[in-house]
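Structure first, then comments.
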Number of protein chains: 2
Amino acid sequence: MKLSDGVEWGVHVVTLLAYLPEDRALTSARLAEYHGVPAAYLAKHLQALSRAEILESVQGPRGGYRLARPPATVTVLDVVEAIEGTEPAFRCTEIRRRGPGARPAREYPLPCAIDRVMRSADTVWRASLGAVTIADLTSAVGRDAPPKSLVAGAEWMREALR
Amino acid sequence: MKLSDGVEWGVHVVTLLAYLPEDRALTSARLAEYHGVPAAYLAKHLQALSRAEILESVQGPRGGYRLARPPATVTVLDVVEAIEGTEPAFRCTEIRRRGPGARPAREYPLPCAIDRVMRSADTVWRASLGAVTIADLTSAVGRDAPPKSLVAGAEWMREALR
DNA sequence: ATATCTCGGATAATAAATATCCGGACTTAC
DNA sequence: GTAAGTCCGGATATTTATTATCCGAGATAT
Ligand code: SF4
Ligand code: SF4
């Protein structure tokens with residue numbers, strides 16, 4: 001069980017874009033450069049974020065990606081689900097219906113006890129991620145990132161916007 | 001993000017073994033037959049459960065696997081971690097230390113905000129799984145499995161034990 | 001109008017994780 | 001003592017995830 005690398009990238013990208021001036025955008029190549037990750041694969045995840053209405057893309061010269069809505073209305077869960085998908089980590093294979101004790105499907109209560117436990121764990125996991133917004137992250141970054149890093153980041157963004 | 005199939009199998013196996021008479025054991029082949037899953041692969045997961053001290057193996061004729069401790073002292077989390085491993089689904093790649101804003105490692109607080117969110121979600125997930133024991137599952141099964149299935153299961157076990 | 005820049009999607013190659021199989025070591029019952 | 005039966009660990013195959021490359025459609029600044 002492992003989350004895709006894209007999840008980390010996605011959260012970072014969205015957080016960075018929260019610092020972007022309104023009405024500007026950053027190109028996928030720049031975003032990849034900033035984070036030091038493979039551009040092609042990041043682009044794929046950016047498309048997913050775009051489809052999920054978390055980012056919006058603007059084409060042509062001076063185009064790129066920017067946030068589609070205010071950081072306070074986007075949760076970490078939104079980003080995770082856009083990239084990783086929404087189906088639960090545990091998928092029942094109905095193995096109880098294969099063995100010697102098998103019965104017709106309608107005799108089984110759904111969902112079974114095991115599935116209930118797994119689902120409930122999945123639910124609290126998602127709830128926990130859903131309780132934090134991107135706005136929360138940016139304020140945390142402002143609080144505990146190294147100051148010099150913030151300055152360098154701001155400088156880089158000025159440069160990237162020409 | 002997807003849990004290994006072995007997790008479902010493992011939970012089922014441990015639950016079934018809770019019904020096994022003291023001082024007997026079920027062979028991995030029988031367990032695979034009962035659940036209708038590939039024997040060789042199930043065997044691998046059983047080894048993991050054995051290493052985790054959840055099952056204990058007895059070799060030679062009349063050997064096989066049985067529970068290593070009472071069902072009430074084994075949580076679903078124990079089984080999941082034995083099979084799936086204990087490391088969190090989100091592993092930080094330290095991408096913030098690759099970009100233009102990069103600083104020497106000691107300037108960064110650990111863990112960062114994003115990692116904290118992910119860790120905390122992982123923690124509640126595990127806590128949720130850790131709150132349910134195998135004993136809880138067996139009583140749930142007794143409560144809502146189809147009666148005919150229980151009878152057939154008991155019959156099968158009698159036969160399997162010769 | 002047009003030349004240029006960007007995303008969007010499809011395709012292919014590579015790497016990694018997962019699922020499967022097999023032969024050897026060990027234990028037990030007789 | 002011995003032979004049958006079982007687990008154990010490593011080798012193999014299959015699937016999935018990641019990375020890289022390409023071209024077309026649409027948008028925009030000039
Ligand atoms: S008992 Fe539950 S977890 Fe197991 S196969 Fe049936 S529905 Fe799935
Ligand atoms: S900011 Fe946090 S999640 Fe991102 S790379 Fe650094 S430690 Fe990992």
Side-chain angles (χ1 to χ4, degrees), chain A residues 1-10 13 17 20 23-33 35-66 68 82-85 87 89-91 93 95 160-162, chain B residues 1-10 13 17 23-33 35-66 68 80 82-85 87 89-91 93 95 160-162:
Chain A
M1 180 190 48
K2 177 174 160 296
L3 251 39
S4 160
D5 288 344
V7 169
E8 185 177 7
W9 305 351
V13 163
L17 287 179
L20 190 69
D23 82 357
R24 295 302 306 271
L26 279 179
T27 187
S28 76
R30 295 258 184 208
L31 289 169
E33 166 200 332
H35 294 105
V37 302
Y41 195 31
L42 176 62
K44 187 188 208 83
H45 293 306
L46 291 176
Q47 288 177 30
L49 289 169
S50 175
R51 271 192 299 270
E53 318 256 311
I54 291 169
L55 301 186
E56 95 186 339
S57 69
V58 10
Q59 296 207 330
R62 301 222 158 183
Y65 290 97
R66 67 184 166 210
I83 291 172
E84 193 65 39
E87 58 184 343
F90 179 85
R91 299 98 186 250
T93 314
I95 70 180
L161 294 175
R162 239 146 305 170
Chain B
M1 180 188 49
K2 176 175 160 297
L3 252 40
S4 159
D5 288 344
V7 169
E8 185 177 6
W9 305 351
V13 163
L17 287 179
D23 82 355
R24 294 303 303 273
L26 278 180
T27 184
S28 75
R30 295 258 184 208
L31 289 169
E33 166 199 331
H35 295 104
V37 303
Y41 192 30
L42 176 63
K44 183 175 214 92
H45 293 303
L46 292 176
Q47 289 175 35
L49 289 169
S50 173
R51 271 192 298 271
E53 319 255 315
I54 292 170
L55 300 186
E56 96 186 338
S57 69
V58 11
Q59 295 209 330
R62 302 223 157 183
Y65 290 97
R66 66 186 167 209
V80 170
I83 290 172
E84 194 66 38
E87 58 185 343
F90 179 85
R91 298 97 188 250
T93 315
I95 71 178
L161 295 174
R162 239 144 306 171

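Labels below follow one simple rule: chain letters A, B, ... track the order of the sequence lines, proteins then strands, and each chain is numbered from 1. All values reported here derive from a predicted model rather than from experimental measurement.
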Look for any protein N or O under 3.5 Å of an N or O in nucleotides 17-22 of chain D and output each such pair with its distance, or none.
{"unit_1": "D:dT18", "atom_1": "OP1", "unit_2": "A:D5", "atom_2": "N", "d": "3.3"}
{"unit_1": "D:dT18", "atom_1": "OP2", "unit_2": "A:S4", "atom_2": "OG", "d": "3.2"}
{"unit_1": "D:dT18", "atom_1": "OP2", "unit_2": "A:Y41", "atom_2": "OH", "d": "2.6"}
{"unit_1": "D:dT18", "atom_1": "O5'", "unit_2": "A:Y41", "atom_2": "OH", "d": "3.1"}

Can you check the [X] [atom1] to [N] [atom2] distance for me, whole Å?
{"X": "A:R66", "N": "C:dT6", "atom1": "CZ", "atom2": "P", "value": "14 Å"}
{"X": "B:L31", "N": "D:dT6", "atom1": "CG", "atom2": "P", "value": "12 Å"}
{"X": "A:R24", "N": "D:dT28", "atom1": "CZ", "atom2": "P", "value": "14 Å"}
{"X": "A:L42", "N": "C:dG9", "atom1": "CG", "atom2": "C1'", "value": "16 Å"}
{"X": "B:L55", "N": "D:dC8", "atom1": "CG", "atom2": "C1'", "value": "14 Å"}
{"X": "B:R51", "N": "D:dG9", "atom1": "CZ", "atom2": "C1'", "value": "9 Å"}
{"X": "A:I54", "N": "C:dC7", "atom1": "CD1", "atom2": "P", "value": "17 Å"}
{"X": "A:L26", "N": "C:dC7", "atom1": "CG", "atom2": "P", "value": "10 Å"}

Pairwise side-chain contact, A:L17 with A:L31, heavy-atom cut-off 4.5 Å (strictly under): yes
Using a cut-off of strictly less than 4.0 Å, decide whether [X] has a side-chain nitrogen or oxygen near OP1 or OP2 of [N].
{"X": "A:S28", "N": "C:dT6", "result": "no"}
{"X": "A:Q47", "N": "C:dC7", "result": "no"}
{"X": "B:S57", "N": "D:dC8", "result": "yes"}

Run the numbers on A:I83 and A:L3 for side-chain contact (heavy atoms from CB on, under 4.5 Å), then give the verdict. CA-CA 10 Å; A:I83 291 172; A:L3 251 39; over 6 Å; no
Main-chain N/O of A:T93 paired with B:E8 side-chain donor or acceptor, under 3.5 Å: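 At least one qualifying donor-acceptor pair exists.
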In residues 47-63 of chain B, what donor-acceptor pairs under 3.5 Å come from side-chain atoms, sequence neighbours left out?
{"unit_1": "B:E56", "atom_1": "OE2", "unit_2": "B:R66", "atom_2": "NE", "d": "2.9"}
{"unit_1": "B:E56", "atom_1": "OE2", "unit_2": "B:R66", "atom_2": "NH2", "d": "3.3"}

Could I get the full list of ring-ring contact (aromatic ring centres under 6.0 Å, His included) partners for A:F90, not counting sequence neighbours?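 Partners of A:F90 under the ring-ring contact (aromatic ring centres under 6.0 Å, His included) test: none.
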For B:A43, side-chain contact (heavy atoms from CB on, under 4.5 Å) partners two or more places apart: B:S28
Using side-chain contact (heavy atoms from CB on, under 4.5 Å) as the criterion, list what pairs up with A:K2, not counting sequence neighbours.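 Testing A:K2 for side-chain contact (heavy atoms from CB on, under 4.5 Å), a comparison that skips the adjacent residues, returns A:D5, B:R91.
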To the nearest 0.5 Å, how far apart are CH2 in B:W9 and NE2 in B:H35?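 One finds 11.0 Å between CH2 of B:W9 and NE2 of B:H35.
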What closest approach, in Å, do B:R24 and B:L161 show between heavy atoms, and which atom pair accounts for it? NH2-O, 3.3 Å
Hey, does B:R30 reach any base, or is it just sugar-phosphate, or nothing, if we go heavy atoms under 4.0 Å?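 It contacts nothing in the nucleic acid.
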Can you tabulate the close N/O pairs, meaning under 3.5 Å, that link protein atoms to atoms of nucleotides 2-5 of chain C?
none

